[in-house]
Amino acid sequence: MGIAGFFRNLVGGRSANQIEPTPTAPAARAQAAAPAEAPGAPAAMPKREEVLDARGRLAGYRFSRGAALAGMPGDGSYLGALAAANLKAFADRRLTIISASLSECLSEGFAALVGPRTVFELSAWLSGSEAALERIRQAGAGIAFPVAAVGTVPLLAGDIAVIDFSAYDFASFERAAKALKAQFPGVILAAENVATWSERRLCQALGIEYALGGFLATADTEDTSDKLNQSRLVLIEMLNLLRAEADAAAVAEVAKRDPGVAVQVLAMANSPVLGLASPIVGIDQAIMVLGRETLYRWLAVAVFRAGSGDHDEALLEVALARARFLELIGQLGLSKKEADELFLVGLLSFAEALLGQPMEHLAKRIHLPQPVEDVLVRSEGRYARYLRLAMVTERGDGARARELAEAVGIEAETLDAYRGVAQLWAEEALRQNRS
């Protein structure tokens, strides 16, 4: 099941990308915690958008020009910020769509962004620029264009045509997509600005390979399945018991109601990470060995995974990346307990989308620390600025990011590097759990 690797990454082990807080003065502490990938103060903060494939898996991201960091010039900084985010290495693992102008793709810096899965999405096409396209292809990158340019651009099989869903009603979108597939059978279609799961399902039905938009973080109002299944109810009850300081025997009794949950708790306790001399066979003993803090964090993640499909798995990766980002920036000036609670804030900020219920209803079933409930239910309290900071960093809103970062004592220029470290951590944690 790969539970040892996931457990090590989630709570016990320290990878090369993990950042350790140090009990030193604030300035020294912030310097010690800076990720190795931290760029030299880039002036731009790229926007990241999730790209889901036809099966609902997280295929990669589209990177586009975000707002310049407040007080810093934006001109000429975009490609530098992308290079600082190490997109070439990212493209070794995932689809990496980079929105850029043709002139930017002809600059000296563009080659530093090209990896095996890099695709340049060109915003405009100039007649007579075929040599420029050939240069991009020879560098090993793919090509994407807006649908408006299709027919005038010499696209090849495997290139991507991007269609804006928001520019059509359902019927006209269906006609446009079918016409494109018939006219250019080798070209891959990607739909952007997909806002709801209904729109996503239409894309799937039409054979559109990729979808981009805000739908992933929204509740699927047409999904009538019981999201709070037996496993999730067991996990939530265990969370509540731990928060209420119940003894290990009481928590173990609840775990035994679901064999899958019980097996995974035992697997964690017997993980080589803990190095126990003899195996543990009792659930209550396993809970005592793991400790309440470790078990609580695992349960919070497991609520997402219970009975999950590709959709939930994609959402879990996004949630883990946000959770880890919040934990990392929390380590710069907060206590370990507060950084741990920020991890929980990031993870549960997607719970409404996953479970299809308002957060205020979920909070009644999950006993949360008061500061965590304050931000998730009422968007207030001492963690509210941190959650907003994570969200504007994901959107590439540099001006707002600087404002919020300075309010909590963080250098805005390091935010995208922390985001990259958190993304890699989330990918590794899930990959090891699949192996």
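What you see is a predicted model; the values in this text were computed from it and never measured.
- For the atom pair CG of Leu376 and CD of Glu360, the computed distance is 11.0 Å after rounding to the nearest 0.5 Å.
- Between Asp220 and Arg201 there is a side-chain heavy-atom pair separated by less than 4.5 Å.
- Ion pairing of Asp340 with Lys336 is present here, as a side-chain N (NZ or NE/NH1/NH2) and a carboxylate O approach within less than 4.0 Å.
- Counting heavy atoms from C-beta outward, Thr294 and Met268 have side chains that stay 4.5 Å or more apart.
- Side-chain contact between Leu216 and Leu315: present, with at least one pair of heavy atoms (C-beta onward) separated by less than 4.5 Å.
- When ring centroids are compared, Phe165 and Phe170 come within the 6.0 Å threshold.
- For the pair Cys105 and Leu122, the tightest heavy-atom approach, listed with the atom from each and the gap, is SG-CD2, 3.4 Å.
- In plain terms, the two heavy atoms of Leu415 and Ala401 that are nearest each other are CD1-CB, 3.9 Å.
- Of the inter-residue distances, the one linking Arg385 atom CZ with Glu406 atom CD reads 12.0 Å to the nearest 0.5 angstrom.
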Mind running side chain to side chain contact (heavy atoms under 4.5 Å, CB included) on Phe184 and Asp159 for me, showing each step along the way? CA-CA 10 Å; Phe184 305 99; Asp159 288 340; over 6 Å; no
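- Salt bridge annotation for Glu174-Lys178: present, with a cationic side-chain nitrogen under 4.0 angstrom from a carboxylate oxygen.
- What you find for Phe325 and Ala422 is that their closest heavy atoms are N-CB, 3.4 Å.
- There is no side-chain donor-acceptor pair under 3.5 Å between Thr196 and Ser198.
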Just distance, no hydrogens or angles: give the donor-acceptor pairs under 3.5 Å from side chains in residues 368-375, sequence neighbours left out.
from   : atom 1 : to     : atom 2 : distance (Å)
Gln370 : NE2    : Asp374 : OD1    : 2.9
Asp374 : OD1    : Arg378 : NH2    : 2.7

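- Closest approach of Ala111 to Lys88, counting heavy atoms only: O-NZ, 4.5 Å.
- Distance CG/Asn86 to CG/Leu113: 10.0 Å, rounded to 0.5 Å.
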Would Arg48 and Asp416 count as a side chain to side chain contact (heavy atoms under 4.5 Å, CB included) here? Give the steps. CA-CA 10 Å; Arg48 300 168 184 241; Asp416 200 57; 3.6 Å; yes
Test side chain to side chain contact (heavy atoms under 4.5 Å, CB included) applied to Ile97 and Tyr210, step by step: CA-CA 11 Å; Ile97 301 176; Tyr210 298 121; 5.5 Å; no
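- Here the closest heavy-atom approach between residue Cys203 and residue Ala191 is recorded as SG-CB, 3.7 Å.
- Atoms CD and CG, from Glu192 and Leu212 in turn, are 7.0 Å apart once rounded to the nearest 0.5 Å.
- Within a 6.0 Å sphere centred on CD of Glu209, heavy atoms belonging to other residues, nucleotides or ligands number more than 12.
- Leu235 has its side chain within reach of Val261: a pair of non-hydrogen atoms, C-beta onward, lies under 4.5 Å apart.
- The side-chain heavy atoms of Asp164 and Pro146, taken from C-beta on, include no pair separated by under 4.5 Å.
- Ion pairing between Arg388 and Asp397 fails under the 4.0 Å rule for side-chain N and carboxylate O.
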Side-chain donor-acceptor pairs of residues 343-355 under 3.5 Å, sequence neighbours excluded:
from   : atom 1 : to     : atom 2 : distance (Å)
Ser349 : OG     : Arg322 : NH1    : 3.0
Ser349 : OG     : Gly346 : O      : 2.6
Glu352 : OE1    : Met359 : N      : 3.1

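- The shortest side-chain heavy-atom distance between Leu189 and Lys181 falls under the 4.5 Å cut-off.
- Taking 4.5 Å as the limit, every side-chain heavy atom of Glu104 sits out of range of all side-chain heavy atoms of Leu82.
- Here the OH-OG distance, from Tyr78 to Ser101, works out to 9.0 Å after rounding to the nearest 0.5 Å.
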Residue pair Glu50, Glu317: steps toward the side chain to side chain contact (heavy atoms under 4.5 Å, CB included) verdict: CA-CA 10 Å; Glu50 295 85 11; Glu317 182 176 323; over 6 Å; no
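- Tyr383 and Glu341 form a side-chain donor-acceptor contact under 3.5 Å, judged by distance and modelled atom types alone.
- For the pair Ala339 and Gly330, the tightest heavy-atom approach, listed with the atom from each and the gap, is CB-C, 4.1 Å.
- Taking a cutoff of 4.0 Å between a charged side-chain nitrogen and a carboxylate oxygen, Arg419 and Glu394 qualify as a salt bridge.
- Between Arg395 and Arg400, the closest side-chain pair of non-hydrogen atoms is not below 4.5 Å.
- In this structure, OH in Tyr168 is found 4.0 Å from CD1 in Ile163, a value given to the nearest 0.5 Å.
- For the side chain to side chain donor-acceptor pair (under 3.5 Å) criterion with Tyr61, the lone passing option out of Glu49, Gln423, Arg94 is Gln423.
- Judged purely by atom type and a 3.5 angstrom limit, Trp197 has no side-chain atom pairing as donor or acceptor with the backbone of Ala219.
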